[in-house]
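Sequential numbering from 1 along the given sequence is applied to the chain's residues. Heavy atoms only: backbone and side chains are in, while hydrogens, waters and symmetry mates are out.
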Amino acid sequence: MPITVLKLKNMTAILGNLLKQGFKLRQSIEQENVSPFLLQKKQLLRLLFRAKATEFGKFYQFDKIIEAIRKAKKRDKSFYHTYTQQVPIFDYDTIYQHWWSRARENGERNVAWRGGVKYYTLSSGTSGSPSKHIPVTRDMIRAIHRTGIRQLLALSNFNIPGKIYSKGILMLGGSTQLNKVDSFFEGDLSGITTSQIPFWFQHLFYKPGRRIARNTNWDAKLQEITEQASKWDIGYIAGVPAWIQMLMERIVQHYKLNNIHDIWPNLTAYAYGGVSIEPYRKGFEKVLGRPLHFIETYLASEGFIAYQMYPGQNLRLVLNNGIFHEFIPFNTENFGPDGELIGNPKTLMIDEIEEGKNYALLISTCAGAWSYLIDDTIMFTNKSD
């Protein structure tokens, strides 16, 4: 049987063309066409079903909640009352002490999520927890990669030239050389997720490559990237603004350039998150030859929560990819002066939120977080988007 062998350059061009033509993932189509409430109802059912045989699922009677969801009519919300009655609100200290520590410290499997936990990301904690150890399961890594691909697909909304979709993608994050502790690995979330990038993506698009990404010496890593920069044709960059600005300045200085576009003429888009881009705009302007599309993301230690889908718009919550969201109005009735939760406040689903109000965010995830209060508040600016 005859076969066709494609050169690497041709393959990247084909994949890039698919992106430019609006190639969509099934989940992306679903989020566009199904109501937020139904998306989240389905997501909660999927999470509960996959974790019902865990110790957490058996203790909090997930079978009972699953039955309530299955019996509920399309718009019936009684199942959510069952869920909130069965599963309490957790902060980090509580869920770690009672559940996550059993997997991390004792090596137990099937504790809060099915199977074992191979990775933990380190995150700054509260006064009671100077360093949080957040579980990162294989299911969560896959979910983060899926949302990352959705964000790449959303570039078609930014009127970006077609040729950019076959260019390199530079992802500057923590080292992919993780620390082995007993039976698991610890590290920066970007290092964990980058170390598990699909084979096809690594070879077709990803820079700086696995060898450089493993370097734990930050200055040496930047220097290696700088020395390799002239060999790459970068169209898209992702990373923390301070890191990216530092790298661009170093490259411009090393090659004695006027700006970064002298070496990467196809650089068109930059995805950032974690901090506001505003304090860095002037610094970026000094090293750019022309404006970039700045695209915001919300990738927390607990999961990929939201990303910017259209230019000029705020972040869009991801509703059908491994995370169930709940909301608590962030006011003096529910939170103390130091941000501590007061009592057992009523939680809301996605269809109950109001524009222009601040909410504390609770998430249940495919990494074994359940009604987990993260240290962020959010405000919805447009429910219709």
Side-chain angles (χ1 to χ4, degrees), residues 35-37 39-41 43-44 47-48 56 59-62 64-65 68-69 72 75-100 112 123-130 132 134-135 273-276 298-306 314-319 322-365 367-385:
S35 74
F37 169 75
L39 286 174
Q40 284 282 272
K41 178 181 177 183
Q43 183 61 67
L44 178 59
L47 291 170
L48 292 169
F56 191 100
F59 185 87
Y60 289 106
Q61 299 180 295
F62 278 10
K64 181 177 179 180
I65 309 169
I69 295 177
R75 299 287 177 179
D76 183 5
K77 290 191 61 175
S78 59
F79 71 88
Y80 182 58
H81 175 74
T82 304
Y83 178 74
T84 58
Q85 290 298 304
Q86 294 293 122
V87 181
I89 296 171
F90 288 93
D91 60 15
Y92 172 77
D93 289 332
T94 305
I95 200 168
Y96 183 85
Q97 291 170 9
H98 292 282
W99 298 101
W100 291 351
S123 174
S124 58
T126 61
S127 57
S129 303
K132 296 181 180 180
I134 309 295
V275 296
S276 169
Y298 182 6
L299 177 56
S301 298
E302 295 82 3
F304 205 152
I305 293 174
N314 289 328
L315 297 167
R316 175 178 291 194
L317 213 60
V318 179
L319 301 176
I323 301 177
F324 175 70
H325 305 274
E326 301 172 85
F327 309 91
I328 302 174
F330 193 76
N331 53 38
T332 54
E333 294 180 7
N334 297 327
F335 292 89
D338 295 325
E340 72 276 13
L341 195 64
I342 299 175
N344 187 30
K346 179 182 178 183
T347 59
L348 307 174
M349 277 188 67
I350 187 68
D351 60 314
E352 299 174 288
I353 55 91
E354 299 179 41
E355 294 178 6
K357 292 187 176 181
N358 285 313
Y359 294 94
L361 180 62
L362 302 171
I363 57 174
S364 299
T365 76
W370 297 100
S371 289
Y372 175 71
L373 181 65
I374 67 175
D375 295 331
D376 292 333
T377 60
I378 63 175
M379 177 187 292
F380 289 88
T381 56
N382 190 335
K383 291 171 62 176
S384 63
D385 288 337

Shortest non-hydrogen contact from [X] to [Y]?
X      : Y      : answer
Glu326 : Tyr83  : OE2-CE2, 3.6 Å
Tyr60  : Pro88  : CE2-CD, 3.4 Å
Leu362 : Ser371 : CD2-O, 3.8 Å
Asp76  : Lys41  : O-NZ, 4.4 Å
Ala369 : Ile95  : CA-CD1, 4.2 Å
Pro345 : Asn334 : CB-OD1, 3.3 Å

**Prompt:** Donor-acceptor pair, Glu333 side chain versus Asn331 backbone, under 3.5 Å?
**Reply:** no
**Plane angle bin for Phe37 and Phe79 - parallel if under 30°, tilted between 30 and 60°, otherwise perpendicular** = tilted
**Item:** side-chain contact (heavy atoms from CB on, under 4.5 Å) evaluation trace for Met379 with Asn314
**Value:** CA-CA 10 Å; Met379 177 187 292; Asn314 289 328; over 6 Å; no
**Asked** Does the gap between the ring centers of Phe90 and Trp100 come in under 6.0 Å?
**Response** no
**Request:** Compute the centroid of each ring, for Trp99 and then for Phe59, and state whether the two points are separated by less than 6.0 Å.
**Result:** yes
**Asked** Do Asp351 and Arg75 sit within salt-bridge range, that is, some charged N less than 4.0 Å from a carboxylate O?
**Response** no
**Message:** Using side-chain heavy atoms (C-beta onward) and a distance below 4.5 Å, is Thr347 in contact with Tyr80?
**Reply:** yes
**Message:** Is any side-chain heavy atom of Phe56 closer than 4.5 Å to one of Phe62?
**Reply:** yes
